[in-house]
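Read through the structure below, which is laid out as structure tokens, and then see the notes.
Since the structure is predicted, the reported quantities are computational estimates derived from the model, not experimental observations. Computed from heavy atoms alone, side chains included, the values below leave out hydrogens, waters and symmetry copies. Labels below follow one simple rule: chain letters A, B, ... track the order of the sequence lines, proteins then strands, and each chain is numbered from 1.
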Protein chains: 2
Amino acid sequence: MDNQDIRKAGLKVTLPRVKILELLENSTQRHVSAEDVYKMLIDKDEEIGLATVYRVLTQFEAAGLVTRQNFEGGYAVFELDRGGHHDHLVCVVCGKVEEFVDTTIEKRQREIANEHGFEMVDHSLIIYGHCGNPKCHVG
Amino acid sequence: MDNQDIRKAGLKVTLPRVKILELLENSTQRHVSAEDVYKMLIDKDEEIGLATVYRVLTQFEAAGLVTRQNFEGGYAVFELDRGGHHDHLVCVVCGKVEEFVDTTIEKRQREIANEHGFEMVDHSLIIYGHCGNPKCHVG
DNA sequence: AATGGTGATGAGAATCTTTTTCATTACAAG
DNA sequence: CTTGTAATGAAAAAGATTCTCATCACCATT
Ligand SMILES: [Zn+2]
Ligand SMILES: [Zn+2]
Ligand SMILES: [Zn+2]
Ligand SMILES: [Zn+2]
């Protein structure tokens with residue numbers, strides 16, 4: 001993941017793009033909103049406009065560098081696409097996110113699409129639950 | 001599905017609530033946005049404000065009468081919860097929506113949650129693809 | 001049937017996220 | 001360096017949803 005990836009995407013290597021890619025690589029949070037990215041950049045004294053953050057994230061998504069997720073909450077979160085596809089497990093109390101891949105489910109999805117005459121191109125699977133943290137349990 | 005359901009939800013039986021429930025029952029589209037509901041009501045000369053549509057749909061959701069789905073597009077769609085849970089298959093070209101239930105996937109999801117120390121309370125599975133319609137195929 | 005309390009409604013303002021506009025700036029090819 | 005074009009920032013606009021608040025309607029009680 002470096003400037004070559006930006007070039008390969010047919011995009012000029014500009015400061016905002018480099019900084020945003022860097023940030024996605026180094027951030028402790030794997031899943032960040034556009035607003036998160038914007039604020040993190042401000043904290044690093046990088047004066048990059050919010051509109052540019054949105055533009056760049058959308059371009060990175062189109063280039064396959066980044067994945068956009070629509071968790072609940074009315075806003076999108078982005079994550080660097082480190083090779084493998086995966087799905088998400090989200091704690092409805094604390095918001096903790098874990099990732100997983102399950103070949104059984106992946107295979108069944110394709111089969112189901114075919115059974116319905118569809119050709120699958122993508123999917124979104126999010127499991128909501130209470131995580132292991134005692135504070136996140138009811139009762 | 002009738003006024004008793006509204007009462008059971010702890011809500012007063014009012015004209016907007018009755019009309020919206022009726023509409024959800026009789027609509028040919030099972031998956032409608034708040035805006036859709038609002039416009040359909042206007043077409044029927046029911047003067048119900050958009051804010052009320054949002055309020056009522058949210059209340060119906062809390063009461064378990066209605067399910068809210070976040071397909072792609074930045075807005076929510078609602079559907080009457082006719083008994084069973086199901087997941088969705090959405091055509092990325094024409095927007096056609098089909099529903100399905102797969103016991104294999106349902107079971108695996110619960111297992112995956114447990115393997116990660118989560119207790120599943122809900123999930124969202126949307127398969128995106130090209131439907132059977134020739135117009136919706138690439139190449 | 002009239003009354004009153006509480007919850008519900010409608011209109012518009014407000015909020016929140018994301019996109020667009022447009023004048024200015026910065027890549028990168030020559 | 002010069003220069004064409006793509007990229008940027010600020011602000012406005014757009015789109016979806018929620019909030020505010022004055023008014024209204026349901027419904028239990030007279
Ligand atoms: Zn938790
Ligand atoms: Zn992830
Ligand atoms: Zn399911
Ligand atoms: Zn459905």
Is any side-chain N of the basic residue among B:Lys96 and B:Glu98 closer than 4.0 Å to the acidic one's carboxylate O? yes

Would B:Glu79 and B:His86 count as having a side-chain donor-acceptor pair, cut-off 3.5 Å? yes

Between B:Phe71 and B:His88 (judged by ring centroids, cut-off 6.0 Å), do the two rings come close enough to count as a pair? yes

Which pair of heavy atoms, one from A:Ile20 and one from A:Val53, lies closest together, and at what distance? CD1-CA, 4.0 Å

Distance in angstrom units between A:Gln59 CD and D:dT8 P, rounded: 7 Å

Hydrophobic clustering (ILVMFWY, side-chain heavy atoms < 4.5 Å, transitive) - are B:Leu41 and B:Leu21 grouped together? yes

Atom CD of A:Glu72 and atom P of D:dT18: how far apart are they, to the nearest Å? 12 Å

When rounded to whole Å, the CD1 to C1' distance for the pair A:Ile48 and C:dA26 reads 14 Å

Strictly under 3.5 Å: I want the nitrogen or oxygen pairs between protein and nucleotides 24-30 of chain D, one per line.
residue: D:dC26; atom: O2; partner: B:Lys12; partner atom: NZ; Å: 3.2

Please evaluate residues A:Glu115 and A:Arg108 with respect to the criterion salt bridge (charged side-chain N to carboxylate O under 4.0 Å, His left out), reporting the C-alpha separation (whole Å), side-chain torsions for both, the decisive distance (0.1 Å), and the verdict. CA-CA 10 Å; A:Glu115 285 164 14; A:Arg108 270 308 284 150; 3.5 Å; yes

Once you round it to whole Å, what is the distance between P of D:dA11 and CD of A:Glu47? 12 Å

Given atom CG of A:Asp36 and atom P of C:dC16, what is their separation to the nearest angstrom? 15 Å

Quick check against the 3.5 Å criterion: does A:Ser27 have a side-chain atom that pairs as donor or acceptor with the backbone of A:Arg30? no

Atom CG of A:Leu41 and atom P of D:dA10 are separated, to the nearest Å, by 13 Å

Not counting sequence neighbours, list each pair that qualifies as a side chain to side chain donor-acceptor pair (under 3.5 Å) and has a residue in residues 58-70 of chain B. B:Arg17-B:Gln59, B:Thr58-B:Arg68, B:Glu61-B:Arg68

Heavy-atom protein contacts under 4.0 Å, nucleotides 17-22 of chain C, coded B base, S sugar-phosphate only, - none: SBBBB-

Donor-acceptor under 3.5 Å (A:Asp43 side chain, A:Met40 main chain): no

Taking atom P of D:dA11 as reference, at what distance in whole Å does atom OH of A:Tyr38 sit? 10 Å

Tell me the interatomic distance from B:Lys39, atom NZ, to D:dA16, atom P, rounded to whole angstroms. 8 Å

